[in-house]
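Encoded as C-alpha cells, the structure appears first; notes follow it.
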Amino acid sequence: MSRQPQTTDTPWSRDEFERRLRALGARYHIHHPYHRMMHEGRCTPEQIRGWVINRYYYQVSIPIKDANVLANCPDPDARRLWVQRILDHDGAEGETGGIEAWLALAEACGLDRTRVASLDDVLPGVRFAVDAYVNFARRSTWQEAACSSLTELFAPEIHQQRLTGWPDHYPWIDDSGLSYFRKRLSEARRDVEHGLRVTLDTFTTRAQQDHAMSILQFKLNVLWSMLDAMWMAYVADMPPYHSCEPIDAVVAP
C-alpha cells in the first residue's frame, strides 16, 4: 500500500515538534546586533550599562510573570515545580536571588544600585515589550505561558558567552558581578525541562502545535524588541524624543 501524504492537519511527532521549537533559536536575541557587539567586545561602557539598566526591568518582572502563571494553574504538582522560578529571582530565607545578583552586576559595572532599582532610566520600548510579556502570562492559560518561557532552550549559550568573553573584553567589570550568569547556567536548564515537557504534552494537535510555535515567536519578539530600543538609544544615539524640543521650552511663557 502506498503511503498517504500528510496533510497540514497532521500533528508533528513529539520529536519533530521539539525540533521545530528548537529551530526557532535562529531568531534568539543572541543574534541581535547589540548582543553581537557585546559578545565581540565592541560595546562601550555606556552601552553595557544601558543594557544592564534596561534588563533589570525584565528581571524584576519575571517573578510577577511567574506569579501569574501560578494564579492560572489548577495543578498543585505543576505549581510546586513552577514556584521555584519565583524563588530563583526573589530569593529565599537566607539566600539571595537573581534580582539581587543583577543589582550586584549593576554595581560591578559602576552603576548606582538605587538608581537602577528606581527604574527611572528604563526605555519606553523596553517597558512596552516586558509589560506585553507579563500581560500575556496574566491573560493566557498556564500552559501557554509555560510555552512562552521556552526561550530558555537557548539561554545557556548566551550566559556562557558572557562568562567566557566579558572578563577579557570588559576587564573594568568586577568579576563578582557575573554571578547571575553562573547561577542561570544550571537554573535555565532545569526550568526548560519542565516547560518543554508541559508544551509537548499539552499541544498535541497540529493547530495547537502551530499555536505553540507562534507563542514562542511572540517571546522571541519581546526579547528582540527590547534590544531594538536599546540600539536606537545607545548605538544610533536616537533616544526617545530625541527629535522633540524639551518640554520646558514648549511650555515656557
Side-chain angles (χ1 to χ4, degrees), residues 24 26-65 89 98-99 101-138 148 151 154-155 158-159 161-162 165-166 168-174 177-178 180-181 217-253:
L24 287 179
R27 296 177 179 176
Y28 191 48
H29 64 166
I30 197 172
H31 303 295
H32 193 283
Y34 205 109
H35 254 300
R36 288 179 175 172
M37 283 178 57
M38 283 198 292
H39 175 55
E40 295 166 6
R42 296 186 288 113
C43 277
T44 66
E46 288 311 306
Q47 288 165 349
I48 293 289
R49 291 176 182 132
W51 177 77
V52 170
I53 288 167
N54 283 276
R55 279 287 297 197
Y56 181 72
Y57 187 60
Y58 181 81
Q59 303 305 325
V60 297
S61 298
I62 290 300
I64 298 172
K65 178 269 297 184
H89 280 79
I99 292 174
W102 199 268
L103 288 172
L105 171 63
E107 288 185 312
C109 291
L111 292 163
D112 179 77
R113 69 157 47 214
T114 302
R115 179 74 181 186
V116 174
S118 74
L119 305 177
D120 288 343
D121 299 318
V122 176
L123 296 167
V126 170
R127 286 183 183 272
F128 275 115
V130 175
D131 290 351
Y133 183 37
V134 174
N135 287 329
F136 175 82
R138 180 179 295 120
S148 72
T151 48
F154 324 120
I158 212 168
H159 296 318
Q161 278 190 357
R162 293 163 190 156
W166 280 29
D168 291 332
H169 294 318
Y170 310 111
W172 52 271
I173 301 176
D174 192 293
L178 304 183
Y180 175 87
F181 307 128
Q217 181 61 62
F218 158 74
K219 176 60 182 306
L220 292 165
N221 293 346
V222 166
L223 297 173
W224 197 274
S225 296
M226 290 171 62
L227 288 178
D228 280 347
M230 290 182 236
W231 181 277
M232 289 291 291
Y234 308 127
V235 181
D237 196 23
M238 297 172 65
Y241 312 113
H242 70 281
S243 59
C244 300
E245 287 193 53
I247 293 294
D248 291 344
V250 176
V251 300

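Values in this document were obtained by computation on a predicted structure and should not be read as measured data.
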Roughly how far, to the nearest 0.5 Å, is the [atom2] atom of [Y] from the [atom1] atom of [X]?
X	Y	atom1	atom2	result
Ile62	Ile99	CD1	CD1	9.5 Å
Asp174	Cys109	CG	SG	9.5 Å
Gln161	Ile158	CD	CD1	6.5 Å
Ser148	Gln217	OG	CD	13.0 Å
Ser225	Phe128	OG	CZ	12.0 Å
His35	His31	NE2	NE2	11.0 Å

### Query
Does the pair Trp102 and Arg55 meet the rule for a side-chain contact (heavy atoms from CB on, under 4.5 Å), with working shown?
CA-CA 9 Å; Trp102 199 268; Arg55 279 287 297 197; 3.3 Å; yes
### Task
Please step through side-chain contact (heavy atoms from CB on, under 4.5 Å) for the pair Leu220 and His29, ending with a clear verdict.
CA-CA 7 Å; Leu220 292 165; His29 64 166; over 6 Å; no
Closest heavy-atom pair and its distance - [X], [Y]:
X	Y	answer
Thr151	Tyr28	O-CE1, 3.8 Å
Trp51	Arg162	CZ2-NH2, 3.5 Å
Glu40	Arg42	OE1-NE, 2.8 Å
Val222	Ala129	CG1-O, 3.5 Å
Gly41	Tyr170	CA-OH, 3.2 Å
Val116	Tyr56	O-CD2, 3.6 Å

#### Entry: salt bridge (charged side-chain N to carboxylate O under 4.0 Å, His left out) partners for Arg49, two or more places apart
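With neighbours one apart ignored, the set is Glu46.
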Has the side chain of [X] got a donor or acceptor atom that lies under 3.5 Å from a matching backbone atom of [Y]?
X	Y	value
Glu107	Ala104	no
His169	Met38	no
His242	Pro239	yes

### Query
Any side-chain donor paired with an acceptor under 3.5 Å for Asn221 and Tyr133?
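Result is no, nothing qualifies.
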Is [Y] close to [X] at the side-chain level, that is, under 4.5 Å between some pair of heavy atoms?
X	Y	result
Lys65	Phe136	no
Leu105	Phe181	yes
Leu223	Tyr58	yes

### Task
Quick one: do Leu103 and Tyr180 satisfy side-chain contact (heavy atoms from CB on, under 4.5 Å)? Show the steps, please.
CA-CA 9 Å; Leu103 288 172; Tyr180 175 87; over 6 Å; no
Side-chain polar contacts of residues 226-237 - donor-acceptor pairs under 3.5 angstrom, sequence neighbours left out - could you list them?
residue : atom : partner : partner atom : Å
Asp228  : OD1  : His32   : NE2          : 2.8
Tyr234  : OH   : Asn54   : ND2          : 2.9

### Query
So Leu178 and Trp166, side-chain contact (heavy atoms from CB on, under 4.5 Å) or not? Walk me through it.
CA-CA 9 Å; Leu178 304 183; Trp166 280 29; 3.8 Å; yes
### Query
Does CZ belonging to Arg113 count more than 12 external heavy atoms closer than 6.0 Å?
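For Arg113, atom CZ is crowded (more than 12 foreign heavy atoms under 6.0 Å).
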### Task
Enumerate the residue pairs fulfilling salt bridge (Lys or Arg N to Asp or Glu O under 4.0 Å) with a member in residues 118-127, sequence neighbours excluded, ordered by first and then second residue.
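Listed by first then second residue: Arg115-Asp121.
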